[in-house]
2 protein chains.
Amino acid sequence: MSVAAITTLVPVVRWQPDARGRLERAALELYAERGFDATTVAGIAERAGLTERTFFRHFADKREVLFGGSPVLQERLVAGLAAAPPSAGPLAAVGAALATIPETLPEERRAGAAQRQAVIDATPELRERELAKFAALTAAMAQGLRERGVGEPTASLAAEAGAAVFRVAFGRWIGGDARDLGTLLAASLAELRGVAADG
Amino acid sequence: MSVAAITTLVPVVRWQPDARGRLERAALELYAERGFDATTVAGIAERAGLTERTFFRHFADKREVLFGGSPVLQERLVAGLAAAPPSAGPLAAVGAALATIPETLPEERRAGAAQRQAVIDATPELRERELAKFAALTAAMAQGLRERGVGEPTASLAAEAGAAVFRVAFGRWIGGDARDLGTLLAASLAELRGVAADG
DNA sequence: ATGGTGATGGCAGCGGCTGACATCAAGTCG
DNA sequence: CGACTTGATGTCAGCCGCTGCCATCACCAT
């Protein structure tokens, strides 16, 4: 038996790629199968072919593993705000930022997003974390608006409005609305404008 | 030595009163002195003259001990909504509900509220819990408005507006604004109305 | 007296999370 | 080409949050 054959029996490369992604997928599967409370971090790591200690090197805690996409989304939104034409008003700039979201959440990810949301909705601890992520997102957008020269409280209000639009559109998207996310975002924003124009 | 004297050496009553309140005070003190993370539940219980096990009979977890007043506040707000005259519009009803808050948070509690808020602001885990409590409060107010016949999305928007007003007024109150909480709430609500009337 | 009730204590144990140290493939540089 | 560094992972010990289970015992009703 050659040396090459031996080294092939044992992993050729020391570590399989994308440890973080494997942990995220394993966690979502287990949370969906058994529930969040009945899932142990050791169990997640085992399914991912890793150890518990490694899990905590990638994620701060057992909840955070479901929110790995949050920083990406936040960066995109802030970048979208900065890229909006200077002439655009606060809500128009927010709309431009929201319009970049489908790049992060294309149609292929709809089913996965829905599964993830079902898990979150079923677990108080995860809903709490989701609120915190939303608050951070809203604060970042308010900051981005201020950097465009928007004053307070307009910046905070517009950011809150943007968050509300996202919530509504995202809920429709994972709820099975046939329209794509970009269309839903635009429609929800238009509805908000309609409501604001009334009473 | 009489039997009466002996029973006085050892506690006359089996348990000191207000175990829950003692735990709340001990926790706030320790969180303020050493920080949330450096405080153990066993330490809180010890300062309160109880055991760790008893702490968890009164509070679901280490964070919840700072939010014992939340259900009371929520009940008052919902009751205030229900008590507002039927002719009052959504935001006026919310204003009437907010006006009942100073009964729960009178001037004497300002210093304690400020200390508590400083601890919360210094601890991510506690800020997360605070967000959850606020969300619950907002949902309860939206529900109360719906029971007054207010439709969606007006009910949710008015509830969010009420929460924003409370946040602003409360922040000013614990920030040392000389006006009392009732005045601050009314002023903040008036400012919101002003903003809404503009662009 | 007798027995029920409710708040608390004591104890064992799981699991989340952390610090410290070891391992070892792959890259870097002389 | 060999020594040295780097970085992702493994291993282990240990604290602490949190829970289930059973015991205790003042108080209260009958």
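- Out of D/dG10, D/dC18, C/dG16, the shortest distance to the side chain of A/T54 is found at D/dG10.
- Here D/dC22 is the nucleotide among C/dC17, D/dG17, D/dC22 with the atom lying nearest to any side-chain atom of B/R57.
- Looking at the side chain of A/V13, the nearest of the listed nucleotides C/dA26, D/dG20, C/dG19 is C/dA26.
- The separation between B/R63 atom CZ and D/dC18 atom C1' is 12 Å, rounded to whole Å.
- For the pair A/F55 CZ and C/dT18 C1', the interatomic distance rounds to 14 Å; values are reported in whole Å.
- Straight-line distance from the CZ atom of A/R14 to the C1' atom of C/dG27: 14 Å, rounded to whole Å.
- Cation-pi geometry between A/R116 and A/F67 is met: the NZ or CZ atom falls under 6.0 Å from the ring centre, inside 45° of the normal.
- Considering only side-chain atoms of A/R53, the nucleotide from C/dA20, D/dC18, C/dC17 that sits closest is C/dA20.
- For the pair B/L23 CG and C/dA7 P, the computed distance is 14 Å after rounding to whole Å.
- At a threshold of 4.5 Å between non-hydrogen side-chain atoms, the residues A/W173 and A/L105 count as touching.
- A/E64 places none of its side-chain heavy atoms less than 4.5 Å from the side chain of A/F56.
- Checking C/dG16, D/dT11, D/dG17 against the side-chain heavy atoms of A/T51 singles out D/dT11 as nearest.
- Counting only N and O atoms by type, the side chains of B/S156 and B/E160 include no donor and acceptor under 3.5 Å apart.
- One atom, CZ of A/F59, and another, C1' of C/dT18, lie 18 Å apart when rounded to the nearest Å.
- Ring geometry, B/F55 versus B/F59: the interplanar angle falls from 30° to 60°, so the pair is classed tilted.
- Across C/dG6, D/dT9, C/dC17, the shortest atom-to-atom separation from the side chain of B/W15 is found for C/dG6.
- Residue A/E52 has its side chain nearest to C/dG16 when only D/dT9, D/dC18, C/dG16 are considered.
- A/L50 has its CG atom 14 Å from the C1' atom of D/dT11, to the nearest Å.
- Distance B/K62 NZ to C/dC17 P: 13 Å, rounded to the nearest Å.
- Per the geometry, NE2 belonging to B/H58 stands 16 Å off P belonging to D/dC18, to the nearest Å.
- Which of D/dG17, C/dC17, C/dG6 sits closest to the side chain of B/T40 comes down to D/dG17.
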